[in-house]
Amino acid sequence: MQRRLLEELAPELLVKEVKTREMGLPELKNVMGEVRMRMAPNPSGPLHLGHSRMAILNDEYVKRYGGLCYNRFEDTDPARIDPTAYDTIPEDLEWLGVKIHKTIVQSERFETYYGIAMKLLEMGKAYVCTCKPDHWRDLKNSRRPCEHREQPLSEQKARWDKMFDGSFKPEEASLIVKTDLEHPNPAIRDFVGLRIDDTPHPRTGTRYRVYPLMNLAVAVDDHLLDLTHVLRGKDHLNNTYRQEYIYNYLGWKKPEYIHYGRVSIEDAQLSKSKIAKGIKQGPYSGWDDPQLGTLRALRRRGIRPEALRRYWVETGIKEVDIEFSWKTLYSFNRELIDDGADRYFFVADPVEVRIEGAPELVGRAPVHPEHPERGLREIMLGRDPTVYISREDLPEGNARVRLKDLCNVEFVDGKVRYIGNSLDLLKEGVRIIHWVPKHSFDAVVLMTDGTVKKGKAEPLLASAKGKMVQLERFAFVRVEEVSPLITCVFAHR
RNA sequence: GCUCCCGUAGUGUAGUCCGGUCAAUCAUUCCAGCCUUUCGAGCUGGCCACCCGGGUUCAAAUCCCGGCGGGAGCACCA
C-alpha cells in the first residue's frame, strides 16, 4: 500500500534492514561479564506456580550469561514462617531444575542489619521513633516530621539501645529510614526499617527481638551479595524506590531492577493460609493435593518442569499483567510426555456387558500407536465374553459400536451381539469405544476438582507404577499406586 | 483521593526505542477438513488484534496531545 508510494519516493529506504528476531527472553540490560541474581522466597510453605516464574526466569538468565544464583530465605517476620519451608523450597527448586549456588538465611544475619542501621542512624539518615504508628502515619501523609525525626544522635542511640533491652514493647519504638517527606508519592516517604517483635522465631527463638523489615534487609543483602540484576513483581515497584534511598545514602551501586506484571491464575488455589487450613480441616489431603497449584501437586500429576520452563520463558517478563493459561501449559506438557506415555484402557463408571454369540476373544491393542516396536497388550477374554464399558459410552438406542482392538458389537433392545471383527465398519462412521475385561482391577483417578473417578483398568496397568500413561479416550495420568488399588492422578486430557 | 506503571487476536508473545519490506510474527486455544481402530499425536485450512479521538508526516502499531480502560502501591507483610 504505502510500499508502492515509497518505491517511487525513496527506494533506497527499502534496502534490507534485517531485524533480528530473538525468541524467548529478552536480553538483560547492562550485563558486564557474569550476572548475579537471586530469588527471595518467604519460607511460609512450599513453592507454587507463581513462584516458579521467578525461579525459572532467574535461572534462565544465570545460565545464559553465566554467574551465580542465590536463594535467600526472607524470614524476618517470625509470625509468618513455616519451618518446613526451609526444606521444601529447595526441593521444589531442585525439581524445577533451578541451580542454586548458595543459600542465605536472613535470620542468621541480624547483626549485619543492626550494623547498617547504626550507620544510617549516625549519618542522620534514620531515626528511632516512639510515636504511635497511626500518629506517625498521619504526620507522614501530611508531609510533616514527627518529633523524633531530627533529635540529636545521642538521643537516637539511647532509644536504639532501649529497643533491645526490653524497655519498649512491640510498636512502641521502631527505626525509621528517612527518605523525603516532600515526596509526591506518599508510599515513598519515610519507611520503617526495623521493628520490635516478641513472637518466637522458629530458628532463632527469642534471641532477637528487633527485626529488620523487608526494605532494609533486602537492600543490605542485595548489595552485599553484589547482585547485578534483580527480578521482582511490579507490586514491589515502590519498595524498589524506597530501597534506592538506602543505596544512595551508603553510596552503593544499584543492581538493574526488572519488574514484571502480576499473573492471575484461574482455578488454582495458591494462598498459603487457605491451603494450610484446607489441609487441616479438609478438603485437601496435603501440599501435593491435585486440586492445588503447588509445584508438588503439579509434580504429582506428572506435569514436567520443562513444560513450566517453556511456559515462563515464552511468557517473558513484561510489566503487563497476564492471565495464566492451563491449556497452554498442558499442551506443552503433552508434547513432552506423549511419546513416553504407553496406552491403557480405563473404564470409568463401568457397566457390565455380555457379548452374545462371540467366539473366544482376544484383544490386541498397541502399547503406543506411534511405536509398534513396543508391542501389543494382549487381553484374553477366554470363554467368558464379558467386558465393562463406560456408562457414558452406552448407546442410547440400538446401535453398532466398535470395541477398540477387540471386535464389533451391536446393541439391540438391551442385548449385545457379536457382529464380527471387520474394520470396514468404521468407514460407516461406527463409534469406537474402549473396554476392559471382566478380570480387570479396580482403579481410581484423582481429579483436579477434588472428585475421584472410580472404575476398572486393564490388568497390565498394574505394572506401570510411577509412570506417565494415557488412559485412552480419558486422559493422561500418572500412576501413583497399584496396590491395593490402582491409583492414578489426573494430569490433563 | 494521591503516586506510579501498563494497553497488539480467547490467552501469551514479536514488532514500538531508531515511522516505510506490518495487508502485523510465532505459540497455544477455538472452528472446519484430512488422517488415525483413542476424545492423544500428525497434516491442511480458517476465525480473531494494533483501546479511542485528534495531531505531525508522502507514510503511524511505532512520534506528539487528549481521553478511556486496566493494574500496582499508599502496612511496624513479603
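Chain identifiers are assigned alphabetically (A, B, ...) following the order of the sequence lines, protein sequences preceding nucleic acid strands; residue numbering begins at 1 within each chain.
The ring-ring contact (aromatic ring centres under 6.0 Å, His included) with Phe164(A) is formed by just one residue from the set Tyr114(A), Tyr208(A), Phe110(A); it is Tyr114(A). Considering Lys140(A), Lys178(A), Arg137(A), Arg149(A) in turn, Arg149(A) is the only one that fulfils the side chain to side chain donor-acceptor pair (under 3.5 Å) rule with Asp190(A).
With both ends at atom C1', the span from rG42(B) to rU36(B) equals 9 Å, rounded to whole Å. Rounded to a whole angstrom, the distance from the P atom of rC63(B) to that of rC6(B) is 12 Å. Taking atom C1' in both rA24(B) and rC50(B), the straight-line distance is 8 Å, to the nearest Å. Taking atom P on both rU44(B) and rU29(B), the two are 15 Å apart, rounded to the nearest angstrom. The gap from the P atom of rA61(B) to that of rA9(B) amounts to 15 Å, rounded to the nearest Å. Atom C1' of rG55(B) sits at a distance of 28 Å from the matching atom of rA14(B), rounded to the whole Å. Taking atom P on both rA60(B) and rG54(B), the two are 13 Å apart, rounded to the nearest angstrom. Nucleotides rC51(B) and rU13(B) are separated by 14 Å at their P atoms, to the nearest Å.
Partner assigned to rC43(B) is rG33(B), using Watson-Crick or G-U wobble distances below 3.5 angstrom. Using Watson-Crick or G-U wobble geometry with both donor-acceptor distances under 3.5 Å, rU62(B) finds no partner in any strand shown. As the counterpart of rC26(B), rG12(B) is assigned, both hydrogen-bonding distances of the Watson-Crick or G-U wobble pattern falling under 3.5 Å. Across all strands shown, rA75(B) forms no Watson-Crick or G-U wobble pair with both distances under 3.5 Å. Nucleotide rC18(B): unpaired (no Watson-Crick or G-U wobble partner with both distances less than 3.5 Å). Nucleotide rC68(B) is matched to rG7(B) when pairs are restricted to Watson-Crick or G-U wobble geometry with both distances under 3.5 angstrom. Base pairing of rC50(B): no nucleotide in any strand meets the Watson-Crick or G-U wobble criterion (both distances under 3.5 Å). Nucleotide rU57(B): unpaired (no Watson-Crick or G-U wobble partner with both distances less than 3.5 Å).
The side chain of Lys272(A) places no N or O atom within less than 4.0 Å of a non-bridging phosphate oxygen (OP1 or OP2) of rA78(B). Checking the phosphate oxygens (OP1, OP2) of rA27(B), no side-chain nitrogen or oxygen of Ser331(A) falls inside 4.0 Å. Proximity of Arg137(A) to the phosphate of rC74(B): no side-chain N or O atom is located under 4.0 Å from OP1 or OP2. A sub-4.0 Å separation between OP1 or OP2 of rG40(B) and a side-chain N or O of Arg473(A) is absent.
Closest to the side chain of Arg343(A), out of rC76(B), rU38(B), rA72(B), is rU38(B). Comparing atom distances between the Lys404(A) side chain and each of rG73(B), rU37(B), rA27(B) picks out rU37(B) as nearest. If you check rU29(B), rU38(B), rU11(B) against the side chain of Ser325(A), the one that comes closest is rU11(B). With rC6(B), rC76(B), rC5(B) as the candidates, the nucleotide lying closest to the side chain of Val320(A) is rC6(B). Looking at the side chain of Met214(A), the nearest of the listed nucleotides rC4(B), rG40(B), rA78(B) is rA78(B). In the set rA72(B), rG40(B), rA78(B), rA78(B) carries the atom at the smallest distance from any side-chain atom of Arg80(A).
Applying the 3.5 Å distance criterion, the base of rU38(B) shares a donor-acceptor pair with the side chain of Gln470(A).
A salt bridge links Asp221(A) and Arg109(A); the closest N-O separation between the charged side-chain nitrogens and carboxylate oxygens is under 4.0 Å. Between Glu472(A) and Arg377(A) a salt bridge is recorded (basic side-chain N to carboxylate O distance below 4.0 Å).
Residue Lys272(A) places its NZ atom among more than 12 non-hydrogen atoms of other residues, nucleotides or ligands, all under 6.0 Å distant.
The closest side-chain heavy-atom distance from Asn239(A) to Val218(A) is not below 4.5 Å.
Of all the heavy atoms in Pro200(A) and Pro78(A), the pair that sits closest is O-CB, 4.0 Å.
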